[in-house]
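The structure appears below as C-alpha cells.
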Amino acid sequence: METSKIRNIAIIAHVDHGKTTLVDAMLKQAGTYRDNETIVERVMDSMDLERERGITIMAKNTSVRYGEYKINIVDTPGHADFGGEVERVLKMVDGVMLLVDAAEGCLPQTRFVLRKALEARLPAIAVVNKIDRQDSRPEEVVNEIYELFMDLDATDEQIDFPILYAVSREGVAKKTLEDSSTNLRPLFDQIIETIPAPHALRDDSLQLLVANVDYNEYVGRLAIGRIFSGVISKNQEIVIAGHEGDVKKTRVKELYVFEGLKRELAESAAVGEIVALAGVEDINIGETITTPDNPKPLPSIAVDEPTIAMIFSVNNSPFAGTEGQFVTSRQIKERLDREVLGNVAIRVEETASPDQFKVSGRGELQLAILIEMMRREGYELQVSKPEVITRRVNGELQEPIEQVVVDCPEEFIGVVTEAMGRRKGQMTKMVNHGTGRVRMEFETPSRGLIGFRGEFLTETKGTGLLNTLFMRFDKWMGEMKGRGTGSLVADRMGESTTYALFNLQERGSLFVRPNTKVYEGMIIGENARAVDLDVNGIKEKKLTNMRASGSDEAMRLVPVKDLSLEEALEFISDDELVEVTPKSIRLRKRVLKANERPKKEN
C-alpha cells in the first residue's frame with residue numbers, strides 16, 4: 001500500500017454522541033460486509049460490558065477502503081475515566097474527527113479529548129451529529145465548537161476546520177444543512193482532503209510505537225502499533241527498546257494489517273500503517289520496536305496521574321470460596337498484573353499485608369468496570385471504599401479538584417446547588433438556554449463526588465445529567481461529612497425470614513430478600529438514623545395453638561433496594577467493605593463480630 005493513500009483518524013466525542021454508530025455506517029457504506037452477512041449493531045463495542053452499558057471502554061481500530069484510499073479508524077472511549085485509552089490512541093493517528101451532538105452541544109468530555117488532540121497538534125474535522133433530533137440546534141452548536149477551540153488555544157490552522165452535519169444512525173453526512181446527501185461520501189472526501197498522509201520521521205531506521213497489546217490463543221501476545229519510520233516484514237529481526245533504555249532482541253513471527261474488522265496476514269508493511277505483530281512476548285505499551293543495527297526509540301506515551309485508589313483484598317467472609325473459582329491472593333495479583341499490561345491508566349501497588357493490593361485509576365467508574373470484569377471471570381474479592389490520592393507540595397497537602405457540569409430542569413437549581421455546597425463545590429458558571437433546562441458548572445474536590453451520582457439522580461428525579469472532568473490538584477479543603485445514615489447489620493448466621501424482615505422494614509430500607517443466607521457482620525439494610533444497629537434477620541414466628549381472627553394475615557414486604565456494584569461502592573463507609581463474587585454483591589463490616597466492633601460516635 002502506498003503511504004500517500006493511507007489516512008489515520010481517531011473519532012473523539014463525549015459519551016453517547018454517536019461515535020460507534022458512525023463507525024458502523026462507515027463500515028457498511030465502504031462495503032466491508034458481504035451482501036448476505038449479518039450486521040451487528042455498534043460492532044466496535046465488542047466487550048459484553050460495553051454492549052450492556054452502551055459505552056465504549058477500550059479503544060479499538062478498524063479500517064475502511066474508499067476508492068484507492070485506506071482509512072484506518074480508531075474508536076475512542078468518551079469517559080474521562082478511560083482517558084488513558086484516548087492519550088494512547090492519539091499517538092497512532094494524523095488527525096481527529098470531533099463529533100458533537102446537535103442538541104447537547106460541547107460537554108466536558110468533548111473538551112477533554114479535544115484538548116489532548118490539539119496539544120498533539122492534530123488537524124480536526126468537526127461533525128455535528130444527530131441533526132434529526134427534535135431539539136437540535138446545529139447553528140448554536142457550531143458556535144460552541146468555535147468557542148471551545150479558542151478556549152483551548154488552538155493554532156490558526158487548527159481553528160480553520162471544516163464542518164459537516166450528520167445523522168449517523170441513517171448513515172448520512174452533508175456539507176451544509178440544505179444539502180440533499182443520502183450517504184457518507186462528503187465525510188469520506190473530507191477525511192481524505194483534510195487529514196494529511198503519514199510521513200516518515202526518519203529514513204535510516206524502523207520505528208514502531210506500541211499503543212495497544214492484545215492476546216490470541218494461537219500466536220500468543222500481539223503488539224498493535226503504528227509504523228512511524230521504515231518498513232517491517234515477516235521474519236525480520238527486531239529489537240524492543242524498553243522504558244528504561246534496555247533492549248531485547250526478537251523476531252517477527254507473524255505480521256497482520258487491519259482490513260475492515262479482520263486482521264489479515266501480510267508479508268510487509270510501510271510507514272503510516274497500523275499493524276499487529278506476533279512473536280513479541282514481553283512487550284509493553286509505549287515501547288518502541290526498531291532495528292538491531294541502528295536502534296532509534298521514540299518517546300514513550302505520557303499518561304495523566306490516577307486520582308482515585310481502592311484496596312482490593314482476598315475475600316475472608318464466612319461465605320468465601322463458595323461461589324467463585326479464583327479466590328487466592330496469588331490469583332488476584334496475577335489478574336491485576338495482567339490488567340496493568342494492557343491498561344496504561346491503572347496502577348497496582350503491594351501493601352504491608354500480603355493479601356491486599358492498592359489499585360489506583362482515573363475514577364470510580366473505571367475501577368468498578370475492572371471489578372465487574374473480574375467478577376464475570378470467576379474471581380472473588382473484597383474492595384474498600386474508594387479514596388482520593390493526595391500529595392504534598394512544599395509541605396501543603398493537595399487533593400484533586402474536578403470540574404462538574406450539571407444539566408437539569410430549572411426547578412432543581414436550588415436542590416443541586418445546596419447538594420454541591422455540602423460537598424465543598426463552588427459554582428463557576430450558569431447558563432440558562434431558555435428551554436427550561438439550565439447548565440451549571442462547579443469546581444469540587446474529587447472526594448466530594450464519591451457517592452454523589454446516586455443522590456444527584458434522586459434529587460433531580462432522574463432528569464439531571466452529571467459530567468465530571470479532572471482539572472488540577474489544589475489545597476485540601478478540610479473535613480467533609482459522610483453519609484447521614486447508619487447500617488442495619490445482621491447479628492447471627494442463618495437464612496433471613498419474612499417475619500423478621502417485616503418487623504425490620506420500618507427501621508430503614510432493606511437490601512436482602514427473604515430466604516437469603518446472611519452472616520454475622522453482613523449489612524442487610526440502611527438504618528434511617530445515623531447509628532449502626534445490630535438486628536436479628538432470621539427470627540421466626542412463634543407458633544401457638546390459639547387461633548384469633550386476623551393474626552395470620554399475609555405479611556407484605558416493601559420491595560428491596562437492589563444495589564448495583566457502583567451503588568454499593570458509593571454506599572459503604574470507611575469501616576465497611578463490598579464483597580464481590582460471580583453470583584452476588586454483599587456489603588459487610590470490616591470487623592464481623594459485634595462485640596469486637598468499635599461503636600460509631602455520633
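Model, not experiment: these values are computed from the prediction.
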How far does OG1 of T62 sit from CG of N72, to the nearest 0.5 angstrom?
-> 8.5 Å
Is the backbone of T182 close enough, under 3.5 Å, to the side chain of R185 for a donor and an acceptor to pair up by distance?
-> no
May I have the step-by-step check of side chain to side chain contact (heavy atoms under 4.5 Å, CB included) for F357 and I311, ending in yes or no?
-> CA-CA 6 Å; F357 309 100; I311 303 286; over 6 Å; no
Take atom CZ of R133 as the centre, draw a 6.0 Å sphere, and report whether it contains more than 12 heavy atoms from other residues, nucleotides or ligands.
-> yes
Give a yes or no answer on whether the side chain of N8 reaches the backbone of G272 with a donor-acceptor pair at less than 3.5 Å.
-> yes
Side chain to side chain contact (heavy atoms under 4.5 Å, CB included) between Q236 and R251, worked out | CA-CA 6 Å; Q236 177 181 342; R251 186 181 286 277; over 6 Å; no
Is the distance between the ring centroids of F312 and Y379 less than 6.0 Å?
-> no
Distance-only criterion, 3.5 Å: show the donor-acceptor pairs between side-chain atoms of residues 187-200 and protein atoms not counting sequence neighbours.
residue, atom, partner, partner atom, Å
D189, OD1, Y66, OH, 2.8
Q190, OE1, K175, NZ, 2.8
Q190, NE2, T194, OG1, 2.8
T194, OG1, Q190, O, 3.0

Can you tell me how far the OG1 atom of T21 sits from the CG atom of N129, to the nearest 0.5 Å?
-> 8.0 Å
Evaluation steps, side chain to side chain contact (heavy atoms under 4.5 Å, CB included), between V23 and I11 | CA-CA 9 Å; V23 177; I11 302 191; 3.6 Å; yes
Is it the case that R335 places NZ or CZ above or below the six-membered ring of F326, under 6.0 angstrom from the centre and within 45 degrees of the axis?
-> no
Drop me the distance from I332's CD1 to M374's CE, to the nearest 0.5 angstrom.
-> 5.5 Å
What do the steps show when you test Y165 against D179 for side chain to side chain contact (heavy atoms under 4.5 Å, CB included), and what is the final call?
-> CA-CA 10 Å; Y165 301 91; D179 281 5; over 6 Å; no
Shortest non-hydrogen contact between I12 and A117, atoms and distance | CD1-CB, 4.3 Å
Neighbour count above 12 (heavy atom, 6.0 Å) for K248 NZ = yes
May I ask you to test the L184-L22 pair for a side-chain heavy-atom distance under 4.5 Å?
-> yes
Exercise: do Q403 and E441 side chains pair donor with acceptor under 3.5 Å = yes
Evaluate salt bridge (charged side-chain N to carboxylate O under 4.0 Å, His left out) for E273 paired with K70, printing each intermediate quantity in order.
-> CA-CA 9 Å; E273 268 289 14; K70 175 176 179 181; 3.3 Å; yes
Is any side-chain heavy atom of E254 closer than 4.5 Å to a side-chain heavy atom of L265?
-> yes
Should E350 and K333 count as an ion pair when the cut-off is N to O under 4.0 Å?
-> yes
Could you tell me which residues satisfy salt bridge (Lys or Arg N to Asp or Glu O under 4.0 Å) with E178, sequence neighbours excluded, listed by chain and number?
-> none
Tell me yes or no: between the side chains of S205 and T291, is some donor less than 3.5 Å from an acceptor?
-> yes
State whether the side chain of S136 and the backbone N or O of A103 hold a donor-acceptor pair below 3.5 Å, judged by distance alone.
-> no
Report the residue from I224, I289, T290 that forms a side chain to side chain contact (heavy atoms under 4.5 Å, CB included) with L208.
-> I289
Using the ring-ring contact (aromatic ring centres under 6.0 Å, His included) rule, collect all pairs that involve residues 268-289, keeping only residues at least two apart or in two chains.
-> none
Answer yes or no: is there a side-chain heavy-atom contact under 4.5 Å between L370 and L336?
-> yes
Do you know the tightest heavy-atom contact between A25 and G171?
-> CB-CA, 3.8 Å
When every non-hydrogen atom of I159 is compared with those of Y146, the smallest separation belongs to O-CE2, 3.8 Å
Does K5 make a cation-pi contact with Y69, if we ask for NZ or CZ under 6.0 Å from the ring centre and within 45° of the axis?
-> yes
Look at the side chain of T307 and the backbone N and O of P400, then say whether any donor-acceptor pair between them is shorter than 3.5 Å.
-> no
Point-to-point distance, once rounded to the nearest 0.5 Å, from CD of Q207 to CZ of R226 = 11.5 Å
To the nearest 0.5 Å, what is the distance between CD1 (I371) and CG (L565)?
-> 5.0 Å
N-O pairing of E144 and R137 below 4.0 Å = yes
Close side-chain approach of D474 to E399, heavy-atom, < 4.5 Å | no
Can you name the closest pair of heavy atoms from V580 and R375 and give their distance?
-> CG1-CD, 3.5 Å
State whether E334 and R330 are salt-bridged, where the test is any N-O pair (Lys NZ or Arg NE/NH1/NH2 against Asp/Glu carboxylate O) under 4.0 Å.
-> yes
Point-to-point distance, once rounded to the nearest 0.5 Å, from NZ of K130 to OG of S168 | 7.0 Å
Heavy-atom closest contact (L298 atom, T288 atom, distance) = N-OG1, 3.0 Å
Minimum side-chain heavy-atom gap V239-T250 below 4.5 Å | no
So do the side chains of I227 and L206 get within less than 4.5 Å of each other, counting heavy atoms only?
-> yes
For the pair E170 (side chain) and V167 (backbone), establish whether a donor and an acceptor sit closer than 3.5 Å, ignoring hydrogens and angles.
-> no
Will you find, in the side chains of E402 and S446, an N or O donor that is under 3.5 Å from an N or O acceptor?
-> yes
Closest heavy-atom pair, A154 versus L118, reported as atoms and distance to 0.1 Å, is CB-CD1, 4.0 Å
Taking the side chain as every heavy atom from C-beta outward, state whether N235 and V252 have any pair of such atoms under 4.5 Å apart.
-> no
D94/R121 under salt bridge (charged side-chain N to carboxylate O under 4.0 Å, His left out): CA gap, chis, key distance, verdict = CA-CA 9 Å; D94 300 301; R121 294 268 173 266; over 6 Å; no
Would you say the side chain of E287 lies within less than 4.5 Å of the side chain of P297, judging by non-hydrogen atoms?
-> no
